[in-house]
Amino acid sequence: MKRKRKSSEIILAALTWTAAAATIGILLYLVVFILIKGIPYLTPSLFSFTYTSDNVSLTPALVSTVVITALSLVIAVPLGIFAAIYLCEYARRGNRAVALIRMTCETLAGIPSIIFGLFGLLFFVGALGWGFSVLSGACTLAVMILPLVMRTAEEAILAVPDIWREGAFGLGAGRLRTVFRIVLPAAAPGILAGIILAVGRIVGETAALLYTAGTVAQIPTTPMQSARTLSVHMYALSSEGLHSDQGYATAVVLLVVVILINALSAGIARRCGAKK
Amino acid sequence: MNCFEIKDLHLYYGAFHALKNVSLDIAAKNITAFIGPSGCGKSTFLKTLNRMNDLVEGCVIKGSVQLDGEDIYGGIDLSRLRRRVGMVFQKPNPFPMSVYDNIAFGPRTHGVRKRYELDAIVEGALKDAAIWDEVKDRLKSPALGLSGGQQQRLCIARALAVAPEVLLLDEPTSALDPISTGKIEELLLALRDKYSIIIVTHNMQQAARISDTTVFFLLGEIIEYGETETLFARPANKRTEAYITGRFG
Amino acid sequence: MNNTLERGMGAVFFLSAAASILAVALICGFLLVNGLPIIFKTGPLEFLFGLEWSPTDTPPAFGILPMIAGSVYITAGAVLIGLPIGVLTAIFLAHACPKRIYALIKPGVDLLAGIPSVVYGFFGMAAIVPYTGNSILSACILLGIMILPTVTAISESALRAVPQEYYKGALALGAGHYRAVFSVVLPAARSGVLAAAVLGIGRAIGETMAVIMVAGNQARIPVSFLKGARTLTANIVIEMGYAAEQHREALIACGAVLLLFILAINISFSALTRRKA
């Protein structure tokens, strides 16, 4: 009896530890695998300023990634923060609109990127006539990351203690001044951590961009030009099938960017957690 | 002279009748203490005096509250009202910014921009609140680094910086140790000639020590009010007597 | 003047919040308006359950059952692989993990969630396909890995939400540590674990790039786990580049069908999490 109980303990423990080891093992294997396959091809020509079908330079894609990310954030961040301010500071309890906003935000968060891509193709590229362009791509991504920005901003704003709001109101400050001078500065680290996560999603995105920003490998000079981000660049390399080694090299760059973004976001979140 | 004249005030939180038919005149340049057991409505009443209850959803107020003859539930500008009637809260609540910016927050809200004016106001308010000597060398450091008692005096200074006529204090020492409490009581006594002070406290010794007038609340009603010494020595009402002798509450 | 500003900004905040309503309405509207006509022209049953997808033949055939089947098979396989490992990892994180190891593993799991799908795709092409081919099985393994972080994170918070008393009660009855966790804590967290499974399904069925790179993408009813298949998502990306007119509409209709799947999954997810709260 006793021995049986002991052996079931051991089996369950083994299962748990094996699964955790598998999860981490997979992560390590993936990272090391990509590094080993990619690093040998990280040649200077891969970073030359213009793209040719010989050097398959990733520089234009790198620049485009920065441009598209910045443009998406410019659209989505104010929108997301303002929406969170409305939900936390302005809306009254039991407000019908709030329930609807929360529900649609949840829905938006669950929609896969290919659907955003289709929508961007129909709406920004087609209906608004912007064509395959940086602008179409950035707007599509802005819709995609909106729920993420909104939710993290909401959490950060809700975490600001009420006694500060009361203090500001008690001194005669209006809602607006209280929000911008007291609440938002206090919520800034949390909001920032959310924005960085959003950057991570944009950098890794492909499906939503293929048919909105297009796949032209150039540095865009106007927002109406097509451009490809690093992720799209990688997909293009793999589907052309000729340069998969350079694809792995690009994956190395992308992986490093993603690891940095994750560390940054976690660092900020931890710092503001420690402050409380 | 009175700073506040309250007539037939009723306050409801949804279905709960929190203040019942309260009428009271509050003397200016005096310390008035509100006492009573928890939930008796004393804090709620305090917050009707600068309309902080407006923030509470489902709160309905009937009756009149006049500040120097002006109905504060009429068309008064809320920001101006709160400048004239400052408030200090139960828990010290300095903003997460520097000592200087904390004090300057109020004046800036009301349009003071010039650096030298702000400097003068900050120094004056901190001196009035008897904390200048402790913080003059750390005006730029975060206010949250101060001790609890210092934080509360900073909050008093912050309230004084907008030059109010009335200072409302909602159990300002309940989160503090006896030494800090003593300092705040001293401070209030020193401020009493310049400001009308209304303090909510559940500490009867505190009310007896510092107030000129005491008002006793029970279940949303004023049971008794009068000169502090008289009220504590010879309460007219049985329930007042029971409360101040510690038989309930 | 101050009041006008207050009111104006209040309106701006409200409109920003309403943007998400507008976005969902536009997404549903555009997909349905552009996708429904071809569904009705083909006949809804013929479209959903037709076995043949040959959009460029004359006359074309628009049956998407192969892709629906592909999506369902691959998603099911991914959940079969990802769910047990994910839940067990969550148990490890919540109940078996020394603090110092936790500080190492938790960021690792988060990183797994942050790795782009194309990078997974490249990994799958070189590390999985050589063994199992461009096949349903490869896609299942890769997607199973990709949903791991989602499943783990949600299960972990569900496990942590179970009151300590349950666990202590089980210990008091003589159960060992793991026994107590598996027989008392895990069942108590089942609605959270179920929610994790549902969200994992949502992730898997919506995944596009990684699947394309390993699944083979043949538009036919799957015949074996070791043969290829095509998902709804893959169908859109692969053909949208050259599709025109009816063909294009049919791809948008695929998107609309996928959107309906997703909405159903979202609704069951929020129903599950709301009941818990």
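Chain A is the first sequence line, chain B the second, and so forth, proteins listed ahead of strands; every chain is numbered from 1.
Heavy-atom distances place both the backbone and the side chain of A:Arg181 under 4.5 Å from chain B. For a residue to count as touching a neighbouring chain, one of its non-hydrogen atoms must lie under 4.5 Å from one of that chain's; by this rule B:Pro92 touches chain A with the backbone only. Heavy atoms of B:Leu144 lying under 4.5 Å from chain A belong exclusively to its side chain. There is no contact between B:Val88 and chain A, counting heavy-atom distances below 4.5 Å. Residue B:Arg80 does not touch chain A at all, counting heavy-atom pairs closer than 4.5 Å. For A:Ile182, the part lying under 4.5 angstrom from a heavy atom of chain B is the side chain only.
When the candidates A:Pro161, A:Gly172, A:Ala168 are compared by the number of heavy-atom contacts under 4.5 Å with chain B, A:Gly172 comes out ahead. Counting heavy-atom pairs closer than 4.5 Å to chain A, the top-ranked of the candidates B:Lys47, B:Arg84, B:Arg51, B:Met52 is B:Met52.
Two residues are said to be in side-chain contact when any heavy atoms from C-beta on lie closer than 4.5 Å; A:Leu141 and A:Phe116 fail this criterion.
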request  = Go through the steps to decide whether A:Asn262 and A:Ser265 satisfy the test side chain to side chain donor-acceptor pair (under 3.5 Å), and finish with yes or no.
outcome  = CA-CA 5 Å; A:Asn262 260 50; A:Ser265 173; over 6 Å; no
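Taking the centre of each ring, A:Phe124 and A:Trp130 come in below the 6.0 Å mark.
For the pair B:Lys29 and B:Tyr195, the NZ or CZ position fails the cation-pi test of under 6.0 Å to the six-membered ring centre and within 45 degrees of the ring normal. For the pair B:Arg115 and B:Tyr100, the distance from NZ or CZ to the six-membered ring centre is under 6.0 Å and the angle to the ring normal is within 45 degrees. In this structure, B:Arg158 forms no cation-pi arrangement with B:Phe105, as its terminal cationic atom is not both closer than 6.0 Å to the ring centre and no more than 45° off the ring axis.
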